[in-house]
Structure formats: C-alpha cells, structure tokens
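First comes the structure, then the notes that go with it.
Just the heavy atoms: all of them, side chains too, but no hydrogens, waters or symmetry mates, feed the values below. Whatever order the structure lists ligands and atoms in, that order sets their numbers, starting from 1. Position 1 is the first residue of the sequence, and the numbers go up from there.
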Amino acid sequence: MSRLLTTTAMLWALPVLAAPEVGSWSGQRTEYVMGTMLSIELQAPDSALGNLAIDSAFSTVHRLDRLLSNYLPESDISQIALQAPAAVPVTSETFEFLEGTLSWAERSKGALNPAIGPLVDCWGFHTEAPSLPDSAVIAAALRRCDYRSIRLDSRRRSVRVAAGMSIDPGATGKGYALAKIDSVLTRLGMASFRADFGGQLHCRGRDSLLVPVRHPRSDTRALAWLLLAQGSVATSGDYERHFEQDGIRYAHILDPRTGFPVQGRAAVTVFAPDPFAADALSTALFVSGPLNALPLLRQAGAGALFAEWDGDSLEVIILGEWPEAP
Ligand code: AMP
Ligand code: MG
C-alpha cells in the first residue's frame, strides 16, 4: 500500500508501518492559503466528524493568515509597522506567534531575525524582480532590523516597533499555523492526520512515513530519507526565491550580520516534534550553519540535515535526533 504525496519540498512520502485503525472514514482537502498550498489528510470515526475537523483546521489557518500576513494592510503584523512607533493591540494568536518567534531569535543569537522586513524589502525578495541593492541601501536597511527593539507588552497585549521597522513572518508563520492545526485536530479527537504546508510536513498517527529530503538541484532525486512517525519536517533552501547575477546565486534567506543572502549552503532540513520549532530552526540554522548547532537542536529534541556546497558538489552533514530510514 503505497501512496503518493507530492509537494514542493518532498518528492513523495510512503507509509511504511501500519498500526491499529483509528477511524473508518478518511478524507483529504487542499486549499491555497498564506501564499502556498495547504493539504490536510485525516482519518475519523465518520464523515461528519472528519469534515468538521478539516473545516475547523482550514478556518483556523485562514484566520491566522489575516492576522499574520505582511501583504494585507489590515493584519496585525502590517498594522504594527504602519502605526510605529505606537503600541498596537493585537490578538492572542499574534502575540503568541511573536513571543515564540522572538524566543527562537534570542536562542539563535539573532540568526533568526523577525525584524528583517526592511532588509528583505531592499533586496525585493517579496517582488517578481529581486535585485542586488547598493551597499549603502543595505547598510541603511540593516539599521532598522534590530529584533531586540520589538517590544511586547503582555499586560496590554500590544506590540511596538521603532518607526521604519517591520516584521517579516515568513520564516515561522507556516510552522506556527501547523502547530495550531495540530491543537485543533487533537482537541477534536483526531488521532491520525497529516498536513503538508508548502513542503513542511506535520503528522501524527497511524502510519510511519518514509519522507524524502528534496535534492536542492533535482526534482527527481532525493538527497536523503527519514522515517517520520510523529512530528514535523521543514526545509529552508536556496532553490526557493532567488536570482543570479555575475554567476552568483542570491537566495531569499539573509544573514542579519552582513545584510547579504547566505552563501555556501544549499538547504537545511529540520525534524522536530513541534512544527513551530522545526520552521524556526530550519531558517536559523540555514543562517548559522552546522557549527554549534547541536545545543540549539537539543532544546527542541530536533535533528538537522545540512546540504553544504563544497565547490560544485554537495556535502551532507546530519546532526541531532535524525529519524534514520531503515
Ligand atoms: P523559510 O523558508 O522558513 O526559511 O523562511 C524564509 C523567509 O523568511 C524569507 O523568504 C524571508 O521572508 C524571511 N527571512 C529571510 N532571512 C531571514 C532571517 N535571517 N530571519 C528570519 N526571517 C528571514
Ligand atoms: Mg523557517
């Protein structure tokens, strides 16, 4: 019994171990949300419960998109920038999202930087035509990217940034949404489900999956495999939004120390029980690399696969709790 599950980051994932039945009804739905495709598949005791669970999961993610989007001017995240330096009251989810993201920013010593909005804007990575900015423009943008000046007031549940700053939710938004999907489905009694959010996978339940790690330069070859029973797998890669100039590839993940796209690394795939942690860590470790990654991975019970450029060839380094394929 093999099933194909095609995504941008995963080539296919095969169920390998069958456990006891958890429901006789199974359903699947795919929708476009947060700028990408979200697919949810689950088993339920009957169709009424199953459809209710799928409806609840999708309406949760659509609501999160309206709160966390940096494209919609009315979202909490956009309003924080538009009303800066005023304190902006936000919903409990936005507050929780920012608290969690800032905690990974601290732990990664700023490799993950949610205040990177002005820098991403100056490279044009949210547009159709990103390009190499002038070094003075990069330096000016970097001065507006200090995540330590994002002020969270838990008593008033408000957020404040300095004028000219903005928050980029791109590195952790999907992971946070997957954690919320997990809570909604678990609360509704769903014990076996799988969600694929633009290539980040999160699953619980009946089957273990043999999950391929996408080769950064091939759509048909896997770089490695992992055996996923429970938890999440997220990848950050230089094959997503990027452009080339004078033979150099400039990709969308920026090093907040230099203001330039990270060089020398093709992809980082992270396995973690918690999808929010997996998403935060894949971006943070794409910036900071394998050296000293273990303490960070241990905090999340996580493992990481680094695809590093060694000249023209790729070197694979695996660290931490990596669920090896048999
Ligand atoms: P991901 O694919 O999860 O690694 O997220 C990458 C996205 O996060 C980029 O497209 C940017 O919008 C944003 N980003 C780029 N560099 C950083 C960084 N150092 N810290 C946080 N977010 C970043
Ligand atoms: Mg990420």
Side-chain angles (χ1 to χ4, degrees), residues 7-10 34-36 68-71 77-78 81 97-98 100-128 130 133 138 141-142 144-148 150 165-179 196-202 214 216 232-243 249-263 265-272 274-289 293 296-297 300 302 304-307:
T7 73
T8 49
M10 311 291 165
M34 288 190 172
T36 188
L68 304 181
S69 164
N70 54 347
Y71 289 90
I77 292 295
S78 298
F97 167 74
L98 288 174
T101 302
L102 282 170
S103 135
W104 282 112
E106 274 300 331
R107 289 189 251 180
S108 69
K109 301 192 171 68
L112 179 79
N113 181 346
I116 204 135
L119 192 62
V120 175
D121 285 346
C122 90
W123 282 88
F125 278 117
H126 287 318
T127 70
E128 292 294 308
I138 294 176
L142 260 182
R144 294 186 280 129
C145 294
D146 179 10
Y147 71 91
R148 290 202 168 94
I150 301 177
M165 286 182 67
S166 64
I167 292 169
D168 186 324
T172 47
K174 291 203 293 283
Y176 177 70
L178 281 167
D196 179 340
F197 204 169
Q200 181 172 353
L201 207 59
H202 178 60
R214 176 182 162 156
S232 194
V233 185
T235 296
S236 294
D238 74 348
Y239 46 82
E240 307 226 4
R241 273 166 284 159
H242 67 273
F243 65 95
R249 175 184 290 241
Y250 297 99
H252 65 134
I253 301 176
L254 301 163
D255 186 334
R257 291 164 299 193
T258 62
F260 277 74
V262 174
Q263 299 292 327
R265 184 157 298 117
V268 176
T269 295
V270 170
F271 158 78
D274 170 27
F276 195 12
D279 199 6
L281 282 172
S282 72
T283 312
L285 295 178
F286 191 95
V287 173
S288 58
L296 210 52
L297 289 166
L305 182 148
F306 296 83

Inset, instruction - Answer yes if the side chains of Asp168 and His126 hold a donor-acceptor pair under 3.5 Å, and no otherwise. - result: yes

Inset, instruction - Could you say whether the N/O atoms of Ser282 and ligand 1 ever approach to under 3.5 Å? - result: no

Inset, instruction - Please state whether Lys174 comes within less than 4.0 angstrom of ligand 1, counting heavy atoms only. - result: no

Inset, instruction - Answer yes if the side chains of Ser232 and Gln200 hold a donor-acceptor pair under 3.5 Å, and no otherwise. - result: yes

Legend entry - Salt bridge present between Arg257 and Asp255 (N-O < 4.0 angstrom): yes

Inset, instruction - Using modelled atom types only, decide if a donor and an acceptor are shared between the side chain of Trp104 and the backbone of Thr172 within a distance under 3.5 Å. - result: no

Legend entry - ligand 1 N/O within reach of Thr283 N/O, cut-off under 3.5 Å: yes

Legend entry - Selection from Asn113, Ile167, Ile116 by shortest heavy-atom distance to atom 14 (N) of ligand 1: Ile116

Legend entry - Closest to atom 16 (N) of ligand 1 among Leu281, Leu254, Val262 (heavy-atom distance): Leu254

Legend entry - Metal check, the Mg ion (ligand 2) vs Ala171 N/O/S, cut-off below 2.8 Å: yes

Inset, instruction - Just jot down the ligand 1 atoms closer than 4.0 angstrom to any heavy atom of Arg241, in number order. - result: 10 (O)

Inset, instruction - For Val287, counting its heavy atoms only, list the atoms of ligand 1 lying under 4.0 Å from any of them. - result: 19 (N)

Inset, instruction - Compute the minimum heavy-atom distance from Ala111 to ligand 1 and say whether it is under 4.0 Å. - result: yes

Inset, instruction - Would you indicate which of Pro114, Gly198, Ala171 comes nearest to atom 22 (N) of ligand 1 when only heavy atoms are counted? - result: Ala171

Inset, instruction - May I ask you to check whether Ser236 brings an N, O or S atom to under 2.8 Å from the Mg ion (ligand 2)? - result: no

